[in-house]
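I'd like to ask you about the structure that follows.
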Amino acid sequence: MKETLLKAIKEAGALILKHFNGPFAVSHKDGVNNLVTEVDQASERLITSIIRDAYPDHGIIGEEYGAHEIQSRYKWIIDPIDGTVNYAHGIPLCCISIGLMEDETMILGAVYNPMMNELFFAEKGKGATLNDLPIKVSEKSDFEKVFLVTGFPYHFPEGKNPFSIFERMVTSGIPVRRLGSAALDLCWVACGRFDGFWEYNLNAWDIAAGYLIVEEAGGKVTDFRNNPYTVWDKETLATNGKIHEPLRQAIIA
Ligand code: IPD
Ligand code: CA
Ligand code: CA
(Lines give C-alpha, C1' and ligand atoms only; values in the text may rest on other atoms or scores of the structure.)
(Ligands and ions follow the chains in the order given, each with its own letter.)
Protein backbone atom coordinates (compact mmCIF):
# COMPACT_ATOMS: atom_id res chain seq x y z
CA MET A 1 0.00 0.00 0.00
CA LYS A 2 2.93 2.33 0.72
CA GLU A 3 4.33 1.60 -2.74
CA THR A 4 0.97 2.34 -4.39
CA LEU A 5 0.60 5.57 -2.40
CA LEU A 6 4.05 6.81 -3.41
CA LYS A 7 3.59 5.79 -7.05
CA ALA A 8 0.25 7.63 -7.21
CA ILE A 9 1.49 10.81 -5.54
CA LYS A 10 4.69 10.99 -7.61
CA GLU A 11 2.87 10.47 -10.91
CA ALA A 12 0.24 13.05 -9.98
CA GLY A 13 3.08 15.37 -8.89
CA ALA A 14 4.70 15.12 -12.32
CA LEU A 15 1.32 15.88 -13.89
CA ILE A 16 0.61 19.02 -11.86
CA LEU A 17 4.21 20.24 -12.29
CA LYS A 18 3.97 19.82 -16.07
CA HIS A 19 0.84 21.98 -16.21
CA PHE A 20 1.93 24.55 -13.61
CA ASN A 21 1.45 28.04 -15.11
CA GLY A 22 -1.10 26.65 -17.57
CA PRO A 23 -2.79 27.01 -19.84
CA PHE A 24 -5.70 25.09 -18.28
CA ALA A 25 -9.44 25.56 -17.97
CA VAL A 26 -10.66 26.94 -14.63
CA SER A 27 -14.22 26.64 -13.41
CA HIS A 28 -16.02 27.62 -10.23
CA LYS A 29 -17.55 25.37 -7.59
CA ASP A 30 -20.00 26.73 -5.01
CA GLY A 31 -18.95 30.38 -4.65
CA VAL A 32 -17.10 32.57 -7.15
CA ASN A 33 -13.61 32.01 -5.78
CA ASN A 34 -13.82 28.32 -4.92
CA LEU A 35 -11.96 27.24 -8.07
CA VAL A 36 -11.29 23.93 -9.73
CA THR A 37 -8.93 23.51 -12.68
CA GLU A 38 -8.93 20.71 -15.22
CA VAL A 39 -5.57 19.70 -13.67
CA ASP A 40 -7.28 19.03 -10.27
CA GLN A 41 -9.67 16.69 -12.06
CA ALA A 42 -6.95 14.97 -14.13
CA SER A 43 -4.81 14.53 -11.01
CA GLU A 44 -7.67 12.86 -9.11
CA ARG A 45 -8.49 10.57 -12.07
CA LEU A 46 -4.83 9.51 -12.30
CA ILE A 47 -4.50 8.82 -8.55
CA THR A 48 -7.82 6.95 -8.46
CA SER A 49 -6.90 4.74 -11.42
CA ILE A 50 -3.55 3.77 -9.82
CA ILE A 51 -5.26 2.89 -6.52
CA ARG A 52 -8.11 1.03 -8.25
CA ASP A 53 -5.69 -1.07 -10.34
CA ALA A 54 -3.83 -2.15 -7.19
CA TYR A 55 -6.76 -2.37 -4.74
CA PRO A 56 -10.11 -2.63 -6.57
CA ASP A 57 -11.90 -3.51 -3.32
CA HIS A 58 -10.75 -0.41 -1.35
CA GLY A 59 -12.92 2.67 -0.75
CA ILE A 60 -11.86 6.02 -2.22
CA ILE A 61 -12.96 9.53 -1.21
CA GLY A 62 -11.74 12.30 -3.49
CA GLU A 63 -12.52 16.01 -3.42
CA GLU A 64 -13.54 16.33 -7.07
CA TYR A 65 -15.33 13.02 -7.76
CA GLY A 66 -16.71 12.19 -4.31
CA ALA A 67 -16.91 8.85 -2.56
CA HIS A 68 -16.87 5.46 -4.29
CA GLU A 69 -19.21 3.48 -2.10
CA ILE A 70 -17.35 0.26 -1.45
CA GLN A 71 -17.62 -1.49 1.91
CA SER A 72 -14.00 -1.89 2.88
CA ARG A 73 -11.78 -1.53 5.94
CA TYR A 74 -9.52 0.66 3.81
CA LYS A 75 -10.34 4.18 2.58
CA TRP A 76 -8.05 6.35 0.49
CA ILE A 77 -8.68 10.08 1.02
CA ILE A 78 -7.44 12.28 -1.84
CA ASP A 79 -6.98 16.00 -2.38
CA PRO A 80 -5.70 16.11 -6.00
CA ILE A 81 -4.46 19.70 -5.54
CA ASP A 82 -4.57 21.39 -2.16
CA GLY A 83 -4.06 25.11 -2.67
CA THR A 84 -5.92 25.26 -5.99
CA VAL A 85 -6.34 29.05 -5.85
CA ASN A 86 -2.54 29.37 -5.54
CA TYR A 87 -2.03 26.84 -8.34
CA ALA A 88 -4.45 28.66 -10.63
CA HIS A 89 -2.43 31.89 -10.11
CA GLY A 90 1.03 30.36 -10.58
CA ILE A 91 1.93 30.43 -6.87
CA PRO A 92 3.93 27.30 -5.99
CA LEU A 93 2.37 26.85 -2.52
CA CYS A 94 0.23 23.85 -3.35
CA CYS A 95 0.48 20.09 -3.17
CA ILE A 96 -1.22 16.73 -3.52
CA SER A 97 -2.44 14.99 -0.38
CA ILE A 98 -3.25 11.29 -0.05
CA GLY A 99 -4.10 9.53 3.21
CA LEU A 100 -5.02 5.91 3.84
CA MET A 101 -7.36 4.93 6.65
CA GLU A 102 -7.75 1.41 8.06
CA ASP A 103 -11.10 1.27 9.85
CA GLU A 104 -11.04 4.74 11.44
CA THR A 105 -7.26 4.98 11.92
CA MET A 106 -4.96 6.87 9.53
CA ILE A 107 -2.12 4.50 8.70
CA LEU A 108 -0.33 6.17 5.77
CA GLY A 109 -0.11 9.76 4.59
CA ALA A 110 1.83 11.63 1.92
CA VAL A 111 1.83 15.29 0.88
CA TYR A 112 3.86 16.27 -2.20
CA ASN A 113 4.70 19.74 -3.47
CA PRO A 114 6.44 19.02 -6.80
CA MET A 115 7.10 22.72 -7.42
CA MET A 116 9.41 22.77 -4.38
CA ASN A 117 10.30 19.08 -4.73
CA GLU A 118 9.21 18.32 -1.16
CA LEU A 119 7.63 14.97 -0.34
CA PHE A 120 6.32 14.55 3.21
CA PHE A 121 5.44 11.02 4.30
CA ALA A 122 4.32 9.23 7.45
CA GLU A 123 3.40 5.70 8.44
CA LYS A 124 1.54 5.10 11.71
CA GLY A 125 4.05 4.31 14.47
CA LYS A 126 7.08 4.76 12.20
CA GLY A 127 7.73 8.53 12.22
CA ALA A 128 7.56 11.17 9.52
CA THR A 129 9.97 12.18 6.78
CA LEU A 130 10.65 14.99 4.32
CA ASN A 131 12.37 13.66 1.19
CA ASP A 132 13.26 10.49 3.15
CA LEU A 133 14.93 12.34 6.04
CA PRO A 134 13.26 12.18 9.50
CA ILE A 135 11.43 15.34 10.62
CA LYS A 136 10.39 16.64 14.03
CA VAL A 137 8.14 19.44 15.24
CA SER A 138 9.77 22.55 16.76
CA GLU A 139 10.92 22.70 20.39
CA LYS A 140 9.50 26.15 21.14
CA SER A 141 7.53 26.45 24.37
CA ASP A 142 7.47 30.24 24.90
CA PHE A 143 4.09 31.33 23.50
CA GLU A 144 5.27 34.93 23.09
CA LYS A 145 7.81 33.78 20.51
CA VAL A 146 5.65 31.46 18.42
CA PHE A 147 5.34 31.57 14.63
CA LEU A 148 1.90 30.46 13.46
CA VAL A 149 -0.09 29.71 10.32
CA THR A 150 -3.83 29.62 9.72
CA GLY A 151 -6.34 29.45 6.91
CA PHE A 152 -9.74 30.93 6.16
CA PRO A 153 -12.43 28.59 4.88
CA TYR A 154 -14.49 29.39 1.76
CA HIS A 155 -17.55 29.28 4.04
CA PHE A 156 -17.48 30.69 7.56
CA PRO A 157 -19.17 28.54 10.18
CA GLU A 158 -22.38 30.03 11.59
CA GLY A 159 -21.69 32.35 14.54
CA LYS A 160 -17.88 32.07 14.22
CA ASN A 161 -15.57 34.77 13.02
CA PRO A 162 -12.09 33.48 12.12
CA PHE A 163 -10.90 37.09 11.80
CA SER A 164 -11.42 37.90 15.48
CA ILE A 165 -8.97 35.12 16.42
CA PHE A 166 -6.54 36.25 13.71
CA GLU A 167 -6.82 39.84 14.88
CA ARG A 168 -6.23 38.87 18.53
CA MET A 169 -3.02 37.04 17.60
CA VAL A 170 -1.66 39.70 15.28
CA THR A 171 -2.46 42.64 17.57
CA SER A 172 -0.67 40.87 20.41
CA GLY A 173 2.43 40.83 18.19
CA ILE A 174 2.43 37.16 17.13
CA PRO A 175 3.42 36.62 13.48
CA VAL A 176 0.73 34.62 11.67
CA ARG A 177 0.94 33.52 8.02
CA ARG A 178 -1.81 32.39 5.65
CA LEU A 179 -0.38 30.21 2.88
CA GLY A 180 -3.55 28.86 1.22
CA SER A 181 -2.87 25.12 1.51
CA ALA A 182 -3.97 23.40 4.71
CA ALA A 183 -2.03 20.22 3.86
CA LEU A 184 1.20 22.24 3.54
CA ASP A 185 0.37 24.21 6.70
CA LEU A 186 0.23 20.91 8.61
CA CYS A 187 3.45 19.58 7.05
CA TRP A 188 5.25 22.83 7.78
CA VAL A 189 4.27 22.41 11.44
CA ALA A 190 5.51 18.80 11.26
CA CYS A 191 8.98 19.86 10.05
CA GLY A 192 9.26 22.71 12.57
CA ARG A 193 8.91 25.71 10.22
CA PHE A 194 5.77 26.77 12.12
CA ASP A 195 4.95 26.06 15.78
CA GLY A 196 1.19 25.79 15.30
CA PHE A 197 -1.75 25.87 12.86
CA TRP A 198 -5.51 26.23 13.26
CA GLU A 199 -8.48 26.41 10.92
CA TYR A 200 -12.26 25.95 10.96
CA ASN A 201 -14.24 23.86 8.49
CA LEU A 202 -11.59 21.81 6.71
CA ASN A 203 -12.58 18.65 4.87
CA ALA A 204 -11.16 15.17 5.35
CA TRP A 205 -9.11 15.43 2.12
CA ASP A 206 -7.37 18.62 3.33
CA ILE A 207 -6.14 17.04 6.56
CA ALA A 208 -6.06 13.22 6.30
CA ALA A 209 -2.37 12.93 5.39
CA GLY A 210 -1.06 16.08 7.10
CA TYR A 211 -2.65 15.15 10.41
CA LEU A 212 -0.79 11.81 10.55
CA ILE A 213 2.43 13.54 9.45
CA VAL A 214 2.18 16.04 12.35
CA GLU A 215 1.48 13.29 14.90
CA GLU A 216 4.29 11.11 13.60
CA ALA A 217 6.67 14.10 13.77
CA GLY A 218 5.90 14.35 17.51
CA GLY A 219 3.19 17.01 17.31
CA LYS A 220 -0.34 17.15 18.70
CA VAL A 221 -3.64 17.49 16.82
CA THR A 222 -7.04 18.07 18.50
CA ASP A 223 -10.20 20.06 18.00
CA PHE A 224 -10.56 23.40 19.83
CA ARG A 225 -11.98 21.67 22.94
CA ASN A 226 -8.96 19.39 23.23
CA ASN A 227 -10.87 16.32 22.09
CA PRO A 228 -8.96 13.59 20.28
CA TYR A 229 -8.94 14.35 16.58
CA THR A 230 -10.63 12.64 13.65
CA VAL A 231 -10.46 13.67 10.00
CA TRP A 232 -14.21 14.38 10.08
CA ASP A 233 -13.73 17.21 12.63
CA LYS A 234 -14.59 20.79 11.70
CA GLU A 235 -12.00 22.38 14.00
CA THR A 236 -8.32 21.65 13.51
CA LEU A 237 -5.56 22.62 15.93
CA ALA A 238 -2.09 21.21 15.21
CA THR A 239 1.00 22.20 17.17
CA ASN A 240 4.40 21.09 18.40
CA GLY A 241 2.59 19.94 21.61
CA LYS A 242 4.41 22.45 23.83
CA ILE A 243 2.30 25.46 22.79
CA HIS A 244 -0.92 23.49 22.31
CA GLU A 245 -2.74 24.66 25.43
CA PRO A 246 -1.80 28.39 25.23
CA LEU A 247 -2.74 28.46 21.54
CA ARG A 248 -6.01 26.64 22.24
CA GLN A 249 -6.80 29.17 25.00
CA ALA A 250 -6.03 32.07 22.65
CA ILE A 251 -8.37 30.57 20.01
CA ILE A 252 -11.34 30.03 22.32
CA ALA A 253 -10.82 33.28 24.31
C1 IPD B 1 -8.27 24.78 0.57
C2 IPD B 1 -6.90 25.06 1.15
C3 IPD B 1 -6.92 26.32 1.99
C4 IPD B 1 -7.97 26.26 3.08
C5 IPD B 1 -9.33 25.94 2.50
C6 IPD B 1 -9.27 24.63 1.68
P7 IPD B 1 -8.38 23.58 -1.86
O8 IPD B 1 -8.28 23.60 -0.21
O9 IPD B 1 -6.47 23.99 1.93
O10 IPD B 1 -5.69 26.54 2.63
O11 IPD B 1 -8.00 27.51 3.73
O12 IPD B 1 -10.23 25.79 3.59
O13 IPD B 1 -10.53 24.33 1.16
O14 IPD B 1 -9.72 24.11 -2.20
O15 IPD B 1 -7.27 24.42 -2.36
O16 IPD B 1 -8.22 22.12 -2.15
CA1 CA C 1 -7.98 21.17 -0.08
CA1 CA D 1 -8.33 20.56 -3.68
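Counting convention: from 1, in listed order, for ligands and their atoms alike. Because the structure is a prediction, the values reported are computed rather than measured. Positions are given from 1, in the same order as the sequence printed here.
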At less than 4.0 angstrom from any non-hydrogen atom of I81, what atoms of ligand 1 do you find?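 Under 4.0 Å from I81, ligand 1 has these atoms: 16 (O).
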From CH2 (W198) to CD1 (I252), nearest 0.5 Å: 14.0 Å
Quick check on contacts: which atoms of ligand 1 are under 4.0 angstrom from a heavy atom of A182?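 Answer, ordered by atom number: 2 (C), 9 (O), 10 (O).
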Counting N and O atoms only, with roles assigned by atom type, does the side chain of E44 sit under 3.5 Å from a partner on the main chain of E63, one being a donor and the other an acceptor? yes
Go through the steps to decide whether Y229 and Y211 satisfy the test side chain to side chain contact (heavy atoms under 4.5 Å, CB included), and finish with yes or no. CA-CA 9 Å; Y229 195 68; Y211 145 57; 3.6 Å; yes
For atom 1 (C) of ligand 1, what's the nearest protein heavy-atom neighbour? Residue, atom name and distance, please.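 The protein heavy atom lying closest is D82 OD1, 3.8 Å.
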Which residue and non-hydrogen atom of the protein lie closest to atom 15 (O) of ligand 1, and at what distance in Å?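 Atom 15 (O) of ligand 1 sits closest to the protein heavy atom G83 N, 2.7 Å.
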Distance filter under 4.0 Å to F152 heavy atoms, resulting ligand 1 atoms: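 Close to F152: 11 (O).
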Which residue and non-hydrogen atom of the protein lie closest to atom 4 (C) of ligand 1, and at what distance in Å?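 That would be E199 OE2, 3.2 Å.
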Is there an N/O/S atom in D79 at a distance below 3.0 Å from the Ca ion (ligand 3)? yes
Once you measure the plane-to-plane angle for F166 and F163, does it fall in the parallel (<30°), tilted (30-60°) or perpendicular (>60°) bin?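 Aromatic pair F166/F163 classed perpendicular.
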Search all heavy atoms of S43 against all heavy atoms of P80 and return the closest pair with its distance. OG-O, 3.0 Å
Looking at E63, which of its N, O or S atoms is the nearest one to the Ca ion (ligand 3)? OE1
Using distance alone, determine whether V85 and ligand 1 share an N or O pair under 3.5 Å. no
Measure the distance from atom 14 (O) of ligand 1 to every protein heavy atom, then report the residue, atom name and distance (to 0.1 Å) of the closest one.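 That would be Y154 OH, 3.1 Å.
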Of all the atoms in ligand 1, which lie at a distance below 4.0 Å from a heavy atom belonging to G180?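 Taking each heavy atom of G180 in turn, ligand 1 has 2 (C), 3 (C), 10 (O) under 4.0 Å.
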Do R177 and D185 have side chains that approach each other closer than 4.5 Å (heavy atoms only, starting at C-beta)? no
List ligand 1 atoms under 4.0 Å from P153, heavy atoms only on the residue side.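 Matching atoms, with element in brackets: 12 (O).
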Those atoms of ligand 1 less than 4.0 Å from some heavy atom in D79: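 Matching atoms, with element in brackets: 16 (O).
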On a heavy-atom basis, which atom in L202 and which in K234 lie closest, and how many Å separate them? O-NZ, 2.9 Å
For K242, is there an ion pair with E139 - N to carboxylate O distance below 4.0 angstrom? yes
With a 4.5 Å heavy-atom cut-off, do R168 and I165 have their side chains touching? yes
Any atom of ligand 1 sitting under 4.0 Å from a heavy atom of N203? no
Subset of ligand 1 atoms that lie under 4.0 Å from at least one heavy atom of E63: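 Going through ligand 1 atom by atom, the ones under 4.0 Å from E63 are 16 (O).
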Under a 3.5 Å distance rule, please check whether N86 uses its side chain to pair with a backbone N or O of L179 as donor and acceptor. yes
Taking non-hydrogen atoms only, is D206 closer than 4.0 angstrom to ligand 1 via side chain, backbone, both or neither? side chain
Paired with T222, the side-chain hydrogen bond (donor to acceptor under 3.5 Å, both in side chains) test is passed by just one of E235, R248, H244, namely H244
Specify which N/O/S atom of D82 comes nearest to the Ca ion (ligand 2), by atom name.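 Of the nitrogen, oxygen and sulfur atoms in D82, the Ca ion (ligand 2) lies nearest to OD1.
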What atoms of ligand 1 come within less than 4.0 Å of a heavy atom belonging to L202? 12 (O)
So does I16 get a backbone contact from the side chain of Y87, meaning a donor-acceptor N/O pair under 3.5 Å? yes
Does the shortest distance from the Ca ion (ligand 3) to an N/O/S atom of I81 fall below 3.0 Å? yes
Which N, O or S atom name in D206 marks its closest approach to the Ca ion (ligand 2)? OD1
